[in-house]
Number of protein chains: 2
Amino acid sequence: MSSTHGARARARIEVTAAIKEEARRQLAEEGAVKLSLRAVARELGMASSALYRYFPSRDDLLTALIIDAYESLGEAAEAARDAAAGVGPVHRWTAVCEGVRAWALGHPHEYALIYGTPVPGYSAPDTTVPAAGRAAAVFIGILRDAERGLGLAQPPLPSELRPEAVRMAADIAPDLPPEVVATMVAAWAQLFGLIGFELFGQFNRVVEDRDTFFRHAAGQLAHTVGLVFPQPGPATRPGAPAVRS
Amino acid sequence: MSSTHGARARARIEVTAAIKEEARRQLAEEGAVKLSLRAVARELGMASSALYRYFPSRDDLLTALIIDAYESLGEAAEAARDAAAGVGPVHRWTAVCEGVRAWALGHPHEYALIYGTPVPGYSAPDTTVPAAGRAAAVFIGILRDAERGLGLAQPPLPSELRPEAVRMAADIAPDLPPEVVATMVAAWAQLFGLIGFELFGQFNRVVEDRDTFFRHAAGQLAHTVGLVFPQPGPATRPGAPAVRS
DNA sequence: CTGAAGCAAGAGCAGTGCTCGCGTTTGTTG
DNA sequence: CAACAAACGCGAGCACTGCTCTTGCTTCAG
């Protein structure tokens, strides 16, 4: 049923790929806002109207690019994890964080496409969900390994803040305690806060050495998710009695 | 020098205000991408070309809106801080976090304008910097008060991650130790990671009860910046020996 | 009072996403 | 093999955008 169409079908997927390739090139150069269907068609030597045979609208083209970007990010995260196979969970965690950051710095417009302002009204069709989860799965895997190994240090939380109403446990990682999943998702969002601020210029006159700063913050995130056990040592400052309200 | 121009000048600032008002209305309705100079002019009953007497380009109009948005966010943060005047630093911290989040949820497009993908190429003229710092100053103030009071609990960090190369100490808060400022800036970015994810739909099939989740995460951030002292108690899970690599 | 500056308007340019009707090519079916 | 239908590529065209330029008019300053 696929080879019967033969040349036609193959030509179609070839043209589709060429469109996406050229679109990705323009995206990397000018950003999603400047991505123009007419310019893509012009560059490919075809009429702009012919392009609508392959993508019914500009947003559909963008959606395709979004999915690709998610996959690309997921690959980068997996590669960073595999490159840090031998080390402990903390360093593997920070390694993946840095891998994600490096990908973002290398593909700023693609990052903006998936984690920046949603371009049209509010798209995000469900087809993007699995691709989006690929990178997240890497972090989940690290936490799962750590939990099965030495366990996780759950920082003491005010009891009224226990996140029981967060529903992701079953869908995302059924074998992890819900607090861990909640903390993990929060860390996930926070990581992209750090990266987004750096990428979108929010650190411009604020943070000088971004590499060091990011390593610092990623290490703190490892604390937050419970990968680091509280060390006995010089922890608190001057007068530090008991608890605070 | 200002009253000499009299009517002319007053008309000018009135028209300028009307343009900004209408632009802000369209921004709130459709988002920055859809904001059209011609539509603004149309709604105001004037020719589109006349609008260029007041804003030399579309980006300049957006810049004006950006500054306003920063100020509006700053006001919201200050209001949240003042509303939580009597409580301790931890609850004041989370109160301001929730105030910022509430502002973002109430002004999604304005939030996207200042913390989302930068709209043009890369603008962010320096005029926006002071306005942007207004909300940040609220958080700094809380940390400063806490440090002068009971002190801050500095979580133990791997020594190689000490952020000495972060230059913001002098500019931002000269009276706070640099690690505190670095941690604070990181928490600042992370807070907007959380808000941005919620706002831009990244939590769509992931986080159910966003209020609870955010409160949880904001509490964790209070830990991160050292507002909460480590509690003796049931901290770690099963077998939890010493340290991890 | 006169000249200069500020202002509003309209036409126009180059660009955009998208639609429609046309002829052609291709693959399938009788 | 012939005929038909579907897919394809193209060009014109619509409505829209940001922006510029020229033309008049109003207001202010010397």
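Lettering of chains follows the sequences in order, A, B, ..., and the numbering in each one begins at 1. A quick note: this is a predicted structure, and the numbers were derived from the prediction, not measured.
Between the P atom of C/dA9 and the CG atom of B/Leu44 lies a distance of 11 Å, rounded to the nearest Å. The separation between B/Leu61 atom CG and D/dT17 atom P is 14 Å, rounded to whole Å. The distance from atom CZ of B/Arg10 to atom C1' of D/dT27 is 14 Å, rounded to the nearest whole Å. What separates CZ of B/Arg42 from C1' of C/dG10 is a distance of 15 Å, to the nearest Å. Computed from coordinates, the A/Leu35 CG to C/dG15 C1' distance equals 15 Å when rounded to whole Å. Distance CE (B/Met46) to P (D/dC25): 19 Å, rounded to an integer number of Å. Taking atom CD on B/Glu30 and atom P on D/dC16, their separation rounds to 13 Å, with Å as the unit.
Listed by chain and residue number, nothing satisfies the ring pair (Phe, Tyr, Trp, His ring centres under 6.0 Å) test with A/Phe214 (two or more places apart in sequence, or in another chain). When the salt bridge (Lys or Arg N to Asp or Glu O under 4.0 Å) test is applied to B/Glu98, the partners found at least two apart in sequence or on another chain are B/Arg215. For A/Arg134, the salt bridge (Lys or Arg N to Asp or Glu O under 4.0 Å) criterion is met by A/Glu71, A/Glu78, not counting sequence neighbours. Take B/Ala132 and apply the side-chain contact (heavy atoms from CB on, under 4.5 Å) test, not counting sequence neighbours, and it matches B/Tyr70. Every residue meeting the salt bridge (Lys or Arg N to Asp or Glu O under 4.0 Å) condition with B/Arg92, not counting sequence neighbours, appears here in chain and number order: B/Asp145. The ring pair (Phe, Tyr, Trp, His ring centres under 6.0 Å) test applied to A/Phe203 returns A/Phe197, A/Phe213, not counting sequence neighbours. Among residues two or more places apart in sequence or in another chain, the side-chain contact (heavy atoms from CB on, under 4.5 Å) test is passed with B/Ala187 by B/Trp93, B/Leu221, B/Val225. A/Arg210 meets the salt bridge (Lys or Arg N to Asp or Glu O under 4.0 Å) test with no other residue; sequence neighbours excluded.
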Every protein N/O lying under 3.5 Å from an N/O of nucleotides 4-7 of chain D:
residue: D/dA7; atom: N3; partner: A/Arg8; partner atom: NH2; Å: 3.2

Would you list the protein and nucleotides 19-21 of chain D atom pairs, both N or O, that sit under 3.5 Å from each other?
residue: D/dC19; atom: OP2; partner: B/Tyr52; partner atom: OH; Å: 3.2
residue: D/dC19; atom: OP2; partner: B/Arg58; partner atom: N; Å: 2.7
residue: D/dC19; atom: N4; partner: B/Arg38; partner atom: NH1; Å: 3.3

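Comparing atom distances between the B/Ser36 side chain and each of D/dG18, D/dC10, C/dA9 picks out D/dG18 as nearest.
Among all heavy-atom pairs drawn from A/Tyr115 and B/Phe200, the shortest one is O-CD1, 4.1 Å.
Near DNA chain D, meaning a heavy atom under 4.0 Å from it, residues 21-29 of chain A has no residue at all.
Counting non-hydrogen atoms under 4.0 angstrom, A/Leu51 reaches nothing in the nucleic acid. Using a 4.0 Å heavy-atom cutoff across all strands shown, A/Tyr54 reaches sugar-phosphate atoms only and no base atom.
Formation of a donor-acceptor pair under 3.5 Å by the A/Thr94 side chain with backbone atoms of A/Gly219 is not found in this model.
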Can you give the donor-acceptor pairs under 3.5 Å from side chains of residues 37-53 of chain B to other protein atoms, not counting sequence neighbours?
none

